[in-house]
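Each remark here refers to the structure printed beneath this line.
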Amino acid sequence: MTTTSPAAQRTGGLRTGVQRFGTFLSGMIMPNIAAFIAWGFITMLFIPAGFFGADSPFGWHWAPVAEIIGGGGDSATIGWQGAMTALAEGEGGNFFAYVGLVGPMVTYLLPLLIANTAGRMVYGERGGVVATIATMGVIVGTNIPMFLGAMIMGPLAAWITKQMDRLWDGRIRPGFEMLVNNFSAGILGMILAIVGFFAFGPVMLGISAVLGAAVDWLVSLNLLPLVSIIVEPAKVLFLNNAINHGVFTPLGIEQAAETGKSILFLIEANPGPGLGLLLAFTFFGVGAAKASAPGAAIIQFFGGIHEIYFPYALSKPTTILALIAGGAAGVTTNMVLGGGLGFPAAPGSIIAVTAAAVGGGVGNLLVVYLSVVIAAVVTFLITGVILRASRKRDLAAEGDSFGAAIAQTEANKGKSSAAMDALRASSGAAAAGAAGGVATDRRIESVVFACDAGMGSSAMGASVLRNKFKKAGVEGVTVTNQAIANLDGTADLVITQQQLTDRAKAQSPNSIHVSVDNFMNSPKYEEVVEMVRDQREETP
């Protein structure tokens with residue numbers, strides 16, 4: 001059964017394809033962000049220029065720091081770099097003298113986590129295992145952190161495993177399944193690891209070198225700020241994941257492993273442009289946009305949910321020029337003054353940015369803060385001019401235009417979100433529920449909120465429904481959230497945004513599907529709660 005709220009159906013196209021590709025890339029990175037943050041904090045604390053390093057800007061030094069970073073504390077021989085040097089010079093016996101936490105984590109742990117996650121996305125646990133084995137060959141065949149290699153070899157190895165299993169699907173004699181499955185995966189993993197070592201690794205090394213040289217070229221010619229021309233409009237259209245997670249994060253990690261920080265982590269994550277836009281709407285906007293902008297600014301700047309400012313930009317498309325200018329100003333500041341982050345800031349909150357920047361010392365933190373302020377000021381000034389110039393026309397045309405912009409934002413993203421729902425509610429434009437109720441004879445014991453990434457908006461929606469069940473005194477219902485790709489058909493009821501319902505139905509055809517356009521306060525939730533409560537009263 002499926003119940004939906006009326007909404008315009010979204011058409012496919014290039015944007016949809018890029019969004020899906022970006023979702024796949026972010027699906028490899030986002031579940032492992034905690035590991036990136038852990039590595040970033042270890043680097044921040046224990047490299048020579050860190051809090052406890054030999055060259056600490058605070059004058060502190062903790063004796064075991066050499067064992068933690070490896071290489072006896074010598075900045076020229078840290079972690080894998082020192083280990084590779086020792087092996088190249090025939091000093092294999094000194095290998096473990098160079099191995100600490102910093103090098104092995106960025107060389108082995110992080111790429112292998114990415115590969116395993118990618119493999120599981122394509123072919124479950126079996127795909128994850130083979131992807132990890134194959135990626136190990138790529139890692140050992142190179143001398144730089146192989147994030148791009150993991151993001152390519154991981155899905156590829158899992159896909160090859162899936163195709164291999166189809167060759168003898170249903171043809172294995174009973175009792176030999178485990179033998180065939182284990183040996184086939186092991187042999188395929190060995191072959192792919194060898195191919196990765198001798199062929200794939202060097203190719204990825206070349207690609208990484210080309211991409212790194214392109215970034216260096218942009219920096220050397222002071223052209224890196226021009227990247228904002230692509231990034232800022234892409235953010236508003238939800239096309240940024242392919243750029244950010246596909247290029248910036250892998251290259252940024254490589255730079256951070258060598259220098260302790262990277263400017264690439266701040267090109268997309270800088271909260272300054274969004275803050276400047278929202279402040280401009282606070283002072284110069286009209287109607288619902290003006291009323292809701294202050295709350296949105298707090299969520300965007302401190303919560304890191306950048307999508308909440310996208311409807312404002314869509315309601316006045318010329319303000320995208322202000323976002324581009326603000327983003328370019330922030331990049332220029334960091335490029336000229338040498339600011340950067342030690343690890344990805346996810347989400348793009350000022351709190352996360354601070355945590356990622358503080359490892360570079362007080363000077364670096366001040367530069368990063370300056371880049372945020374300058375980006376915000378530039379965006380604010382240009383947006384203010386744009387809004388003031390059209391204020392009379394906007395006042396005359398004020399109606400449901402801002403609500404339409406919110407709907408357009410959700411259509412661009414392909415899903416709703418708690419941020420958009422809260423924004424709609426605060427502007428007084430909450431969507432009405434569809435006619436008709438949710439009814440089923442199936443006993444509901446598990447409810448799953450599903451979205452592209454299975455994080456963020458779906459988690460907040462699940463929290464809302466759990467609270468409604470609790471207030472209604474309904475027990476025995478499990479409410480969780482996950483990515484649509486991870487639906488396994490066991491959920492009794494699946495709740496999605498209307499434009500994702502078809503994908504959810506294909507993934508979990510036997511579940512009941514409820515489609516909403518408002519994850520935060522949809523009337524459908526009351527119907528679900530009432531239905532489950534009635535079931536419990538009839539059959540305790």
Side-chain angles (χ1 to χ4, degrees), residues 18 21-22 24-33 35-36 39 79-81 83-85 87-88 102-123 127-163 188-219 241-259 262 264-265 267 343-344:
V18 175
F21 178 63
F24 184 75
L25 291 177
S26 63
M28 289 187 261
I29 299 292
M30 291 303 294
N32 301 305
I33 283 294
F36 283 87
W39 173 79
W80 64 269
Q81 292 174 317
M84 293 300 105
T85 301
L87 288 178
V102 176
M105 283 184 72
V106 73
T107 306
Y108 303 110
L109 175 64
L110 299 181
L112 292 178
L113 282 174
I114 293 172
N116 186 268
T117 301
R120 287 172 176 264
M121 291 170 64
V122 174
Y123 195 42
V129 171
V130 177
T132 304
I133 298 171
T135 302
M136 189 65 189
V138 179
I139 293 171
V140 178
T142 61
N143 60 356
I144 64 172
M146 258 296 107
F147 295 96
L148 287 177
M151 295 173 74
I152 297 176
M153 176 57 89
L156 177 62
W159 181 82
I160 293 175
T161 305
K162 185 176 183 178
Q163 303 310 310
L188 178 61
M190 175 196 68
I191 294 173
L192 292 176
I194 293 174
V195 171
F197 180 85
F198 286 106
F200 195 82
V203 171
M204 292 310 304
L205 193 62
I207 294 175
S208 296
V210 170
L211 292 175
V215 173
D216 292 339
W217 178 75
L218 290 173
V219 172
N241 280 338
I243 299 172
N244 190 38
H245 296 300
V247 179
F248 289 161
T249 295
L251 290 178
I253 287 291
E254 291 179 16
Q255 289 185 357
E258 296 177 1
T259 64
S262 173
L264 300 180
F265 293 140
I267 292 179
F343 52 89

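Not measured: the values here are computed from a predicted model.
Summarising the geometry, atom CD1 belonging to Ile253 is positioned 8.0 Å from atom CD1 belonging to Ile114; distances are rounded to the nearest 0.5 Å. If you take CE on Met204 and OG1 on Thr142, they are separated by 9.5 Å, rounding to the nearest 0.5 Å. Note: Ile139 CD1 to Met146 CE = 9.0 Å, rounded to the nearest 0.5 Å. Note that CD1 of Ile160 and CD of Gln163 are 9.0 Å apart. Values are rounded to the nearest 0.5 Å. To the nearest 0.5 angstrom, Thr132 atom OG1 is 6.0 Å from Leu112 atom CG. For the atom pair Thr135 OG1 and Asn116 CG, the distance stands at 9.0 Å (nearest 0.5 Å).
Residues satisfying the side chain to side chain contact (heavy atoms under 4.5 Å, CB included) test with Ala131, not counting sequence neighbours, are Ala157. With sequence neighbours left out, the side chain to side chain contact (heavy atoms under 4.5 Å, CB included) criterion links Leu113 to Asn32, Ala35, Leu109.
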Could you check Leu264 against Ile267 for side chain to side chain contact (heavy atoms under 4.5 Å, CB included), going step by step and ending with a plain yes or no? CA-CA 5 Å; Leu264 300 180; Ile267 292 179; 3.7 Å; yes

Run the side-chain donor-acceptor check on residues 192-200: report pairs under 3.5 Å with partners two or more places apart or on a different chain.
none

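Aromatic ring centres of Phe36 and Phe147: separated by under 6.0 Å.
Between Ala158 and Tyr123, the shortest heavy-atom distance links the atoms O-CB, 3.8 Å.
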